Amino acid sequence: MALVSSLPSFFLLLPLLLILHQPLLSSANLYETKALFRSVDFSSKEDASNANEFISTSSNATLPPTRFFEVTKPIELPKTRPFTYLILQHDFGSTYGKPPVFANYTPPTNFQSQRFEKIVLEWTATCKGRQFDRIFGVWLSGVEILRSCTAEPRPNGIVWTVQKDITRYYSLLMSNQTMAVYLQNIIDSTYTGVYHVNVSIHFYPAEEKHDLGGGLNVDDSVIEFSSEAADLILPISRDLPLNDGLWFEIQNSTDVQTKQFKIPQNVYRAVLEVYVSYHENDEFWYTNLYNDYIALNKLSGVPGNGPFREVVVSLDGVVAGSVWPFPVVYTGGINPLLWRPISGIGSFDLPSFNIEITPYLGNLLDAKTHAFVFSVTNALNVWYIDANLHLWIDKKSAKTEGKLKEHETPPLTISTLSNIKGTDASFSSHISRIITSSGWVKSSYGTVTTKSIQVLNYTNFMVVGNEGNMQIVNQTIDYNDKVTVKMPSSSQMSFASLKNFPLYLYTDSVDQKNGTYNSVSNISRAFNEKKKLITDHGVAASSLRNLQQGESTMLVKGNLVLSGLGSTRQVYKYDDNKFCYLRNISSSNYTILHDKVRDSCSRKVQKLHLTNGLGHHLI
Ligand SMILES: *[C@@H]1O[C@H](CO)[C@@H](O)[C@H](O)[C@H]1NC(C)=O
Ligand SMILES: *[C@@H]1O[C@H](CO)[C@@H](O)[C@H](O)[C@H]1NC(C)=O
Ligand SMILES: *[C@@H]1O[C@H](CO)[C@@H](O)[C@H](O)[C@H]1NC(C)=O
Ligand SMILES: *[C@@H]1O[C@H](CO)[C@@H](O)[C@H](O)[C@H]1NC(C)=O
Ligand SMILES: *[C@@H]1O[C@H](CO)[C@@H](O)[C@H](O)[C@H]1NC(C)=O
Ligand SMILES: *[C@@H]1O[C@H](CO)[C@@H](O)[C@H](O)[C@H]1NC(C)=O
Ligand SMILES: *[C@@H]1O[C@H](CO)[C@@H](O)[C@H](O)[C@H]1NC(C)=O
Ligand SMILES: *[C@@H]1O[C@H](CO)[C@@H](O)[C@H](O)[C@H]1NC(C)=O
Ligand SMILES: *[C@@H]1O[C@H](CO)[C@@H](O)[C@H](O)[C@H]1NC(C)=O
Ligand SMILES: *[C@@H]1O[C@H](CO)[C@@H](O)[C@H](O)[C@H]1NC(C)=O
């Protein structure tokens, strides 16, 4: 069953070859399969027969559970006592291919006059035994509020908590909804880990003397410069009933998935929030080999189509926006020992991406049905994509009107250089994209013109060597969004988000000639974002630098890690002038080596008093 006739020991492919011997895991929707660095489970029955020092010490079931966590800034909360509701409690055993688990959601009662300043979703789970990392989603009446991945259990058990600020879903949270949770898990005699999950929501009332003009804030909880959450959120996801998640599944580069929707006729602003995750052959899309290389080396079953992916969102047939995803590594990815206990950036709370739809409102205010279409350039099986359409409604008029004035989406500019000499090769790709739209909307706030520009740049350098056993990927995505709003008063404001996602990955493998292989993986990647809000009254800015670096080794047999070592360090630095947070942490072999936190700004706090001209306070 050699994949390469000329090169039977072509190592990059070995994990792939071996996972295919697991018929259960080859099923189409299990994302662990068939990827170059597919997820591996860390402990198995086979371990017992392979007496191994590392396994025996790490498998002590009498030890207390390990707490996994993702490094992120704490949610800024008011000093009020929250009302907490346990919405769902469930044990996720054999859930694969079954309907999501449902719970009735009712908003807090007897607090009708109460305004909540923050609403926080809390996911807590425990698991014991053996299990892969599993993808899951949480939806409220079809609106996705969390995309995440489980942690891989250990024999002594694990526990982890994800807290997410869900204040931006305020309008949804103020009426009865159905919560759906889909976590695709499989239980059999080897994979025994059942996920015991609680989903709670905490409602923090506003402080009594909360000063709404307390300062300009570029917070994640609000949608950019609308400090008030949307009045209505429409699900752009698959309709129930489903024996699956509510996400659309994109299986290849020509696959398109469509959702029809209708909006009220008095909307004055619209933003589409897109959730994406990538699995199976595209779990590590940024490492996928170029097809020329695959053809020349006569490889088969290898994830290909090169390392570039773009999620394209079209509205009624025109490209309205694009998402170039951050490369999230799930908890079993590359080398699971890298993510214990510090999980990968974004793995417990996958980032969603906003696309400004306001310029197109003129086309959507006709009370007719319209369609969003999702596709993924170069996609391989499988991408899970859905979205939420956030709408702001003009309560003072029954009808708004608008017109799309400008819309330009020149094709991607692509340049790729390659140098292939047998199994040794190097490649470099540069890709860029610009999407521009502008349009006006006439509402009781007057005629407001909104211009949106997305500028995206991508570079990927890839080197393959050591007879195909070694791969280096050095990739950067620059992702810039800018929205400019012109008010009737001719005042102007703009919101810009500059994201930068550098990734460096080195992997090498050595065949031990006894059914095992040794691999080394080093990774460095960052989620950096600068946000800037400029109005006639002042400027607010925030900056996030979140850098994670790791080195790891592992001895692998089948899809099981027999032994190994992972070391990870991370520096998370956030600063918005009012709130600063720095965490510098490192771990090795499950142990935290150092952990320093600073949560105060060294500078003096500056306060600005602003409204956004549409009658909304900018916090
Ligand atoms: C497991 O841990 C307990 C408590 O730390 C210890 O007493 C016991 O010897 C350990 N067992 C093994 C097999 O290492
Ligand atoms: C879930 O909540 C119940 C009831 O409060 C509690 O007994 C249980 O330990 C919780 N489980 C988890 C995983 O937090
Ligand atoms: C919301 O759900 C609660 C509990 O099921 C029910 O008592 C209430 O009537 C519902 N409210 C609405 C507006 O349907
Ligand atoms: C792409 O995926 C779609 C949806 O599964 C399928 O109908 C189509 O045949 C696939 N196309 C190719 C070229 O594989
Ligand atoms: C994107 O690339 C182009 C051309 O290489 C360059 O001019 C531009 O400054 C880059 N923009 C960003 C945001 O990196
Ligand atoms: C990755 O490529 C960039 C150029 O885009 C270069 O500056 C950087 O040093 C490279 N990183 C590594 C680790 O080779
Ligand atoms: C395979 O060989 C390597 C080194 O040659 C050794 O460390 C490992 O224990 C062996 N594994 C098995 C399962 O025999
Ligand atoms: C990978 O990390 C190890 C351990 O820190 C280091 O010795 C090695 O030089 C690194 N290799 C590369 C290519 O980054
Ligand atoms: C993080 O901590 C390490 C170890 O104490 C130190 O060497 C490094 O300079 C720190 N990094 C930052 C950005 O503070
Ligand atoms: C990892 O930690 C365990 C104890 O938890 C220890 O027995 C083992 O030797 C360590 N491994 C390495 C490579 O340091």
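This is a predicted model, so every value here is computed, not measured. Both counts, for ligands and for their atoms, begin at 1 and track the order of listing. Side chains are part of it too, since the values below use all heavy atoms of this structure and drop only hydrogens, waters and symmetry mates.
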Query - Validation row, ring centre Phe132 to ring centre Tyr191 under 6.0 Å - result: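 That pair passes the under 6.0 Å test.
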Query raised in the report: Under 3.5 Å, side chain of Ser543 to main-chain N/O of Asp575, donor-acceptor pair present?
Result: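 No; judged by distance alone, with no hydrogens or angles, the pair does not exist.
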Report the residues that fulfil side chain to side chain donor-acceptor pair (under 3.5 Å) with [X], sequence neighbours left out, ordered by chain and then residue number.
X      : result
Lys482 : none
Asn546 : Gln570
Tyr286 : none

Query raised in the report: Any N or O on Asn474 sitting closer than 3.5 Å to an N or O of ligand 6?
Result: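 Among all N and O atoms of Asn474, at least one is under 3.5 Å from an N or O of ligand 6.
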Pick out the protein N or O atoms lying less than 3.5 Å from any N or O of ligand 8, and list each pair with its distance.
residue	atom	partner	partner atom	Å
ligand 8	2 (O)	Asn522	OD1	3.0
ligand 8	2 (O)	Asn522	ND2	2.3
ligand 8	11 (N)	Asn522	ND2	2.9
ligand 8	14 (O)	Asn522	ND2	3.0

Query raised in the report: Can you name the nearest heavy-atom pair linking Gln471 to Thr287, along with the distance?
Result: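 For Gln471 and Thr287, the tightest heavy-atom pair comes out as NE2-O, 2.9 Å.
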